[in-house]
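Okay, so here's the structure we're looking at.
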Amino acid sequence: MHNSSRWGLGVMLQFLLLAALGIAHLQAKIRLSEAYLNAISADDAAEQASGSYNYDQQGRDWEGLCQDGQQQSPIPLTYNEAIVTGIPRIHFYNYDQNLESPLVLTNNGHTANMVLPPTQNGQRAYINGGLLPGSFEAQSVHFHWGSANSKGSEHSINFQRYDVEMHIVHKNIRYAHQTVAEASAYWDGLAVLGVMFRAVDRAFSQNTGLLRIFNRLPLIIPYQANTTVAGRLTAGQLLGNIITGEFYSYNGSLTTPDCAESVTWTVFKDVAELPRRQIMKLWNLQESRMRPLINNYRALQDINDRPIYYRALQ
Ligand SMILES: *[C@@H]1O[C@H](CO)[C@@H](O)[C@H](O)[C@H]1NC(C)=O
Ligand SMILES: *[C@@H]1O[C@H](CO)[C@@H](O)[C@H](O)[C@H]1NC(C)=O
Ligand SMILES: [Zn+2]
């Protein structure tokens, strides 16, 4: 009895050792392209340049354009006040192609952020159609969320706020040789896709791409921590199986300082489901002051007579 349990311990230790070596081996094998690392650095630099803002007052204390701008985001989206009209659907290109792997997931103190590399065929995932003034390439994805007792989407739809809002940030191919920060100086520089998530106890269908990302969240709890999401992932997997034919579109801004008014927004009406226990992982992240990074959404902004369009299924 005694001997056999000792033997069991020995085998277990050996197994753990092999497992540790295996992980070390995997880590060592991960190679990120120089272009991808440069894109991550540029994204970090832009984040640093935007200053040391926080969400203590949901952005009401942010200055400059965030204070004075007339085309700010997020806004309340309501069907009754929208111009319901014939709009082309959003066309997705290379959204079904595997991205160059692995992806780096970073806690930048304001959100969980992933810079998106090109796909394995060397092209970028991109979109056009809708009310987009051109074609826009996918650059990064991040999330806004609430807390155990509040919902954290940025836009509201028909007076309802959702648990989480995902933003896929795209840059106009007109500015292919400029950074996202540089493109944000132009009214047609950026296009953001907004996707709402509802916390559910039991998801009807699992978005495996998103789950693989969320499963890495416990590894980026401290401010500025990063990890890799290995394996094959497509930009399309972020969207899961939401209906993309119904959406709101309007001209607005970045929802973080400097709140540049450079974004054509497309916010899908369909709401994706995400298990509550996955969403809870977001609430554990920490911001730069080592406090919980929760409620990282900006307060609703004035519409100021801007037209808001709605595409219905045709
Ligand atoms: C990830 O974090 C480590 C440790 O802080 C850092 O050395 C590395 O540059 C980061 N990697 C990326 C891709 O940002
Ligand atoms: C956004 O602004 C541009 C330039 O003023 C305008 O041409 C375009 O129609 C606007 N788009 C939307 C969705 O309001
Ligand atoms: Zn955002």
Side-chain angles (χ1 to χ4, degrees), residues 27 30-48 50 53 55 58-59 70-75 77 82-85 87-88 90 102-117 129-134 136 139-145 152-155 164-170 172 180 184 186-197 216 219-229 247-257 259-267 282 296-298 303-311:
Q27 293 287 349
I30 286 172
R31 287 276 181 278
L32 301 169
S33 75
E34 198 167 325
Y36 186 42
L37 288 171
N38 287 342
I40 294 171
S41 297
D43 192 85
D44 276 350
E47 177 66 25
Q48 297 306 319
S50 59
Y53 65 96
Y55 286 95
Q58 308 315 133
Q70 297 297 303
Q71 298 202 58
Q72 291 289 294
S73 295
I75 56 168
L77 302 168
I83 301 165
V84 184
T85 179
I87 300 174
I90 299 284
L103 306 192
V104 175
L105 177 67
T106 306
N107 172 351
N108 66 16
H110 298 119
T111 187
N113 189 57
M114 278 201 321
V115 173
L116 297 174
L131 291 175
L132 300 174
F136 291 73
Q139 302 291 324
S140 65
V141 56
H142 64 264
F143 304 86
H144 300 268
W145 58 84
S153 73
E154 296 213 292
H155 292 90
V164 173
E165 183 170 336
M166 175 175 70
H167 289 158
I168 310 178
V169 179
H170 296 69
N172 197 326
V180 170
S184 77
Y186 306 97
W187 76 268
D188 61 352
L190 306 175
V192 182
L193 299 181
V195 181
M196 303 294 174
F197 289 97
R216 304 297 283 177
L219 292 158
I220 59 156
I221 289 173
Y223 169 53
Q224 283 187 330
N226 67 57
T227 186
T228 48
V229 184
F247 55 80
Y248 291 90
S249 186
Y250 75 98
N251 280 338
S253 74
L254 296 175
T255 64
T256 54
C259 305
E261 296 181 334
S262 57
V263 181
T264 304
W265 278 94
T266 304
V267 180
L282 292 168
N296 59 346
Y297 63 91
R298 187 187 190 194
I303 294 172
N304 293 326
D305 290 329
R306 273 174 288 175
I308 298 157
Y309 298 90
Y310 181 73
R311 183 189 195 273

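Every number for a ligand or one of its atoms is a count from 1 in the order of the listing.
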Hey, is the main chain of [Y] close enough, under 3.5 Å, to the side chain of [X] for a donor-acceptor pair?
{"X": "S249", "Y": "W265", "answer": "yes"}
{"X": "N296", "Y": "H144", "answer": "no"}
{"X": "S253", "Y": "S73", "answer": "yes"}
{"X": "R311", "Y": "I87", "answer": "yes"}
{"X": "T111", "Y": "F143", "answer": "yes"}
{"X": "Q58", "Y": "Y297", "answer": "yes"}

Open item on the list: Please tell me if atom 7 (O) of ligand 1 is touched by the protein, where touching means a protein heavy-atom distance below 4.0 Å.
Closed with: no
Open item on the list: Is atom 14 (O) of ligand 1 touching the protein, meaning some protein heavy atom lies under 4.0 Å away?
Closed with: yes
Open item on the list: Just to confirm my output: which protein heavy-atom neighbour is closest to atom 3 (C) of ligand 2, and how far is it?
Closed with: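 Checked against all protein heavy atoms, atom 3 (C) of ligand 2 sits closest to W187 CZ3, 3.4 Å.
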- [ ] Show which atoms of ligand 2 fall inside a sub-4.0 Å distance from at least one heavy-atom site of N251.
- [x] 1 (C), 2 (O), 3 (C), 8 (C), 10 (C), 11 (N), 12 (C), 14 (O)
TODO: With heavy atoms of L131 as the reference, note each atom of ligand 2 found under 4.0 Å away.
DONE: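 So the atoms of ligand 2 that pass are 13 (C).
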- [ ] Give the single entry among T228, N226, V104, I220 that approaches atom 10 (C) of ligand 1 most closely by any heavy atom.
- [x] N226
Task: E165, E154, H167, H155 screened by side-chain hydrogen bond (donor to acceptor under 3.5 Å, both in side chains) with T255, the one that passes - done: E154
TODO: For ligand 1, indicate whether the residue L37 contacts it via side chain, backbone, both or neither (heavy-atom separation under 4.0 Å).
DONE: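 The answer is the side chain.
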Open item on the list: Tell me which N, O or S atom from H167 is the closest to the Zn ion (ligand 3).
Closed with: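 Going by distance to the Zn ion (ligand 3), the closest N, O or S atom in H167 is ND1.
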TODO: May I ask you to check whether S249 has an N/O atom sitting below 3.5 Å from an N/O atom of ligand 2?
DONE: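 In fact, backbone or side chain, S249 has no N or O that close.
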